[in-house]
Number of protein chains: 2
Amino acid sequence: MIQYILLGFLNYQPMTGYDLKRTLDHSTGHFWHAYHSQIYTTLRQMEKDGLVASQFVMGEGQPDRRTYTITEQGRVHLTEWLSHPLTEATSIKEELLVRLFFSGQRSNESILAELTVQREIHQQKISEYRKMRVEMEEQAKNLPLPSLKRDSVFWMATLKMGTRYEEAYLEWLNETIQTIQEL
Amino acid sequence: MIQYILLGFLNYQPMTGYDLKRTLDHSTGHFWHAYHSQIYTTLRQMEKDGLVASQFVMGEGQPDRRTYTITEQGRVHLTEWLSHPLTEATSIKEELLVRLFFSGQRSNESILAELTVQREIHQQKISEYRKMRVEMEEQAKNLPLPSLKRDSVFWMATLKMGTRYEEAYLEWLNETIQTIQEL
DNA sequence: CAGTCCATGTAAGTAGTTACATGATTGC
DNA sequence: GCAATCATGTAACTACTTACATGGACTG
């Protein structure tokens, strides 16, 4: 999957592994995450496969940079992938739910403490996403390329899903905390 | 993670790999999934580590079965894990959002077709979970062991999160479908 | 002068997926 | 006779995480 994300971003403009890592953190962080080690190794592999090409620039004063550019083959690969629709639901892996499921022997205090910490974390995420949304709406008004206007609709849509998810999570946490307090 | 799930179930009663696979599919399917290959190999590893013990029974007529039992060390391991609360949010990996994020060059029809299929899938999940909920409430009334009454509260809570998630997803899909139709 | 940011990589390990492999019983 | 269910395993691969490793520039 990370391969398609990297291709997707390189399809907008050439970037280094470092740039890609930052971009990922700031724009797809709410639905996909990757460590820099995976990004660098995947880029190397993609270059071998002819999906991207790199050029190394020795920095004078600044650090050296290896800039990756998408190839024609890379564009085809990305377009091909996008043209085959997903026909399944992505499966969820939620550690907190695993823990809660098997919490029968734990004390209410222990569980409530954990859920309360989680509530803070998810509250934090909601306000992050709200901030991101405002920034994105601001950016959408004065885009460098008007061709990105359509793209920004989809970026916004994914952010909305992130927000909805966090809101649902928070509501559930509140409900569950209350249920346990009443036990 | 799968290791703790297996321990969690074996903490209720001895089971075979096959039983565990089915139990997982039916009760934790909405927040964790595993293939039988992973379950069998993990059980073997756990036996080496002394967390479970197995006994092999040649089936006469029926297939052979290897039944796993949790050890005292296994119980300690599980309890230990549960006692250290999660202090981070589990990161999300949603393939559909990746696809949508990079869909700027796709046609509206193509995207709408994909989202419509997803809507059906998630609608399906919601009705599955509603059915599971009714069954679970039924079971909770006449539990074999009254000691499981407390556990069933937590099982129900995880199912509620599953339902909330699917409902949020569905609402978002409807909103997004509408947005794209208006483009 | 300590911490953060910029910048790139490798190595080793864990987790998860897909494919291969087998074989009996039960129900339609 | 064919499909589904019961039942257990291995092999190969892909994906992801954690740790190790380096070093200059800028900021307070």
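In what follows, chains carry the letters A, B, and so on, assigned in the order in which the sequence lines appear, proteins first and then strands, with residues in each chain numbered from 1.
The phosphate of dG9(D) (OP1 or OP2) has no side-chain N or O of Thr41(B) nearer than 4.0 angstrom. Under 4.0 angstrom from either OP1 or OP2 of dT8(C) there lies at least one side-chain N or O belonging to Thr16(A). Between Arg66(B) and dT8(D), a side-chain N or O to OP1/OP2 separation shorter than 4.0 Å is absent.
Shown for residues 18-35 of chain A: residues whose heavy atoms fall under 4.0 angstrom of DNA chain C, namely Tyr18(A), Arg22(A).
Nearest-nucleotide positions on DNA chain D place Tyr68(B) closer to the 5' end than the other of Tyr68(B) and Lys93(B).
In the set dG16(C), dG9(C), dT10(D), the nucleotide with an atom closest to the side chain of Arg44(B) is dT10(D). With dA15(D), dA11(D), dT18(D) as the choices, the nucleotide that has an atom nearest any side-chain atom of Gln38(A) turns out to be dA15(D). Proximity note for Ser37(A) (side chain, C-beta onward) versus dA19(D), dA11(D), dA7(D): the nearest is dA19(D).
Between Glu47(B) and Ser54(B), the side chains place a donor N or O and an acceptor N or O closer than 3.5 Å (distance only, hydrogens not considered). In summary, the side chains of Ser103(A) and Arg106(A) do present a donor paired with an acceptor at a separation below 3.5 Å, with no hydrogens or angles considered. With 3.5 Å as the limit, one finds no donor-acceptor pair spanning the side chains of Asn174(B) and Gln178(B).
The six-membered or imidazole ring of Phe31(B) lies near that of Phe101(A), with a centre-to-centre distance under 6.0 Å.
In this structure, the side chains of Tyr4(A) and Glu95(B) stay at 4.5 Å or more apart for every pair of heavy atoms.
At the heavy-atom level, Thr42(A) lies nowhere under 4.0 Å from the strands shown.
Cation-pi check for Arg119(A) over Trp172(A) is not met; the charged atom does not lie both under 6.0 angstrom from the ring centroid and within 45 degrees of its normal.
Distance OH (Tyr40(B)) to P (dA7(D)): 9 Å, rounded to an integer number of Å.
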